[in-house]
Amino acid sequence: MADGFLAYTKRSDFLVCVDSDGCAMDTMDIKHIRCFGPCMAEEWGLEKWGSEILKRWNEINLYTMTRGINRYKGLSMALSEINEKYKVIEDIGILRKWVKESPELSNEALEREIMRNDSICLKKALSWSIKVNQSIERLAQEEKRPFEGVAEALSKAHRDADVAIVSSANLGAVLDEWDLYGLLEHTDVVLAQDAGSKAFCIGELMKRGYAPGHVLMCGDAPGDMDAAEKNGVLYYPILVHHEKESWEEFTREAFPKFLGETYKGAYQEEKKRQFLENLGSSKS
């Protein structure tokens with residue numbers, strides 16, 4: 001297993017890319033409900049409107065078509081709404097501009113921007129992000145488990161294909177969580193937040209010589225599907241609230257179709273339809 005592009009060696013003609021939070025790992029809900037939202041409320045003093053704001057944070061990040069959005073994009077969206085409805089957020093325009101224009105949305109990129117722009121909103125955003133990571137680290141390990149069927153699916157996939165983790169989550173968290181449950185042994189490379197966007201990572205992996213029809217992205221969010229489509233590769237959805245069934249189908253049906261080159265077409269289109277329909281009705 002390699003950490004990053006440089007140490008990665010292609011083994012197979014087929015590549016399976018797998019997102020982490022909310023796809024392989026049952027960690028997305030708990031991280032947003034217990035860490036991301038509450039840390040935002042604390043950082044900006046929003047406790048007065050806590051229940052409404054936290055509900056909206058979860059809608060943006062978990063239960064609508066922006067599910068899986070980059071943390072800073074989600075923060076910019078949430079704070080923009082808060083600025084209009086509840087409380088003035090100082091320098092919100094500067095944060096929005098950075099989120100829109102920066103080629104990299106990470107703590108490191110934000111630290112560099114703060115060196116150029118001493119904005120209170122940017123500094124609070126970095127403080128929030130650091131607190132989120134610390135809060136996630138404090139979650140009990142038994143609360144951060146893979147979905148049922150993931151280990152079996154990855155083990156099967158790794159026998160006949162290269163397997164890459166392609167995630168927008170914090171690298172340290174991804175490595176810790178996957179290692180704890182023995183999942184790293186079924187992977188060839190780990191690409192997380194620091195490696196770039198999911199679309200970029202898939203594109204870089206394809207430079208190793210994979211044909212578009214031999215690359216399958218597994219994800220739970222529209223951004224995962226978009227990353228696949230931008231690179232012209234296949235997409236397999238892990239359906240929100242139906243993760244166990246999705247992974248069982250991957251092992252039983254989707255992966256064999258992928259290897260047999262019969263995935264593209266009717267099956268792919270049906271999976272995309274199910275994905276969009278499920279996410280549209282998954283709001284709780």
Checklist line | R273/E277 salt bridge by N-O under 4.0 Å criterion | finding: yes
Item checked: Presence of salt bridge, E52 and K85, under 4.0 angstrom -> no
Margin query: Side chains of T64 and L279, heavy atoms from C-beta outward: is any pair under 4.5 Å?
Written below: no
Notebook entry, point to check: Which atom pair, heavy atoms only, marks the closest approach of C218 to C23?
Noted result: O-SG, 3.5 Å
Next item on the list: I would like to know whether L139 and I30 meet side chain to side chain contact (heavy atoms under 4.5 Å, CB included); could you show each step before the answer?
Entry: CA-CA 9 Å; L139 291 173; I30 192 172; 4.1 Å; yes
Next item on the list: If the plane angle is over 60° it's perpendicular, under 30° parallel, otherwise tilted; pick one for H241 and Y63.
Entry: tilted
Check: Taking 4.0 angstrom as the limit, do D162 and R11 come out as a salt bridge?
Finding: yes
Checklist line | Inter-residue atom distance D188.CG - L184.CG, 0.5 Å rounding | finding: 11.0 Å
Next item on the list: Would you check if there is a donor-acceptor pair between the side chains of D226 and Y235 at a distance under 3.5 Å?
Entry: no
Item checked: Euclidean distance, K207 NZ relative to I202 CD1, rounded to 0.5 Å -> 13.5 Å
Next item on the list: Answer yes or no: is there a side-chain heavy-atom contact under 4.5 Å between R67 and I60?
Entry: no
Next item on the list: Report yes if the distance between the aromatic ring centroids of H214 and Y210 is under 6.0 Å, otherwise no.
Entry: no
Notebook entry, point to check: When you measure from the centre of the six-membered ring of W44, is the NZ or CZ of K124 under 6.0 Å away and within 45° of the axis?
Noted result: yes
Notebook entry, point to check: Would you say the side-chain atoms of K271 and Q274 include a donor-acceptor pair closer than 3.5 Å?
Noted result: yes
Margin query: Looking at Y267, I'd like to know if the NZ or CZ of K257 sits under 6.0 Å from its six-membered ring centre while staying within 45 degrees of the ring's axis.
Written below: yes
Checklist line | Any side-chain heavy-atom pair of V166 and D19 under 4.5 Å | finding: no
Next item on the list: Compute the ring centroids of W49 and Y86, then answer whether they are less than 6.0 Å apart.
Entry: yes
Item checked: Heavy-atom side-chain proximity of T66 to N61 below 4.5 angstrom -> no
Check: Does any non-hydrogen side-chain atom of D21 lie less than 4.5 Å from one of K31?
Finding: yes
Margin query: Any carboxylate oxygen within less than 4.0 angstrom of a Lys/Arg side-chain nitrogen, looking at K97 and E101?
Written below: yes
Check: Roughly how far, to the nearest 0.5 Å, is the CD1 atom of I165 from the CD atom of E177?
Finding: 10.0 Å
Margin query: For a 4.5 angstrom cut-off between non-hydrogen side-chain atoms, does M225 reach M217?
Written below: no
Notebook entry, point to check: Can you name the closest pair of heavy atoms from V240 and D220 and give their distance?
Noted result: CG2-O, 4.2 Å
